[in-house]
Amino acid sequence: QVQLVESGGGLVQAGGSLRLSCAASGGPASQYAMGWFRQAPGKEREFVAGINWSGAIEYYADSVKDRFTITRDNAKTTVYLQMNSLKPEDTAVYYCARGRTVVVSIRDYDYDYWGQGTQVTVSS
């Protein structure tokens, strides 16, 4: 059973930075795409960023493009989300997920394993 554990969330002022980590264990992760999603209170879960199995292809939601960067270290089976220039509207619970294939997707049903989430709060 694959387990994904996120860390690195917290409270930060607008304009600040955070780096989220997602550690995978219990099964293969390096051969699959990985993604980050988020869910704000009262809103649906939305795609944030995704990366293919090799790390060569990245996708970003328009709302985070040029501010967030997704990377992966397959040797450590860890995926990262570097978040810069944070805004209050970035406040949400952030989830890491493992894709069903090597190809990155923006659709949540293309991911089969999910972490418990880490809270990110950006104050104005």
Gap separating the CG atom of N52 from the CE atom of M34, nearest 0.5 angstrom: 12.5 Å

Neighbour count above 12 (heavy atom, 6.0 Å) for Q116 CD: no

Closest heavy-atom pair and its distance - V48, Y94: CG2-CE2, 4.3 Å

Stepwise side chain to side chain contact (heavy atoms under 4.5 Å, CB included) test for Y59 and I70: CA-CA 9 Å; Y59 284 165; I70 185 171; over 6 Å; no

Minimum heavy-atom distance between S124 and A14, given as atom pair plus value: CA-CB, 4.4 Å

Interatomic spacing from CZ in R100 to CZ in R107 - rounded to 0.5 Å: 11.0 Å

R98 side chain near D112 side chain, heavy-atom distance below 4.5 Å: yes

With L20, the side-chain contact (heavy atoms from CB on, under 4.5 Å) member among F68, Y95, W36: W36

Salt-bridge present (K65, D62; N to O < 4.0 Å): yes

Donor-acceptor contact present, side-chain E6 to main-chain C96, <3.5 Å: yes

Where T78 and S21 come nearest, the two heavy atoms and their spacing: CG2-CB, 4.4 Å

Heavy-atom closest pair, residues N84 and S17: OD1-OG, 2.9 Å

Test log, rule side chain to side chain contact (heavy atoms under 4.5 Å, CB included), inputs D90 and M83: CA-CA 9 Å; D90 294 318; M83 305 186 296; over 6 Å; no

Check: Q1 main-chain N/O paired with Y113 side-chain donor or acceptor under 3.5 Å: no

Same apolar cluster: F47 and V93, side chain cutoff 4.5 Å: yes

Test item: Y111 side-chain N/O and S105 main-chain N/O as donor-acceptor pair under 3.5 Å: yes

Derivation and outcome, side-chain hydrogen bond (donor to acceptor under 3.5 Å, both in side chains), residues Y80 and Q82: CA-CA 6 Å; Y80 305 95; Q82 178 66 44; over 6 Å; no

Trace of the side chain to side chain contact (heavy atoms under 4.5 Å, CB included) decision for R38 with L81: CA-CA 12 Å; R38 68 186 181 186; L81 185 67; over 6 Å; no

Inter-residue atom distance Q119.CD - T91.OG1, 0.5 Å rounding: 7.5 Å

Test item: R67 side-chain N/O and S85 main-chain N/O as donor-acceptor pair under 3.5 Å: yes

Working for side chain to side chain contact (heavy atoms under 4.5 Å, CB included), residues W53 and Y32: CA-CA 5 Å; W53 73 276; Y32 296 87; 5.8 Å; no

Heavy atoms of other groups near Q3 CD, more than 12 under 6.0 Å: no

Heavy-atom closest contact (L4 atom, C22 atom, distance): CB-SG, 4.0 Å

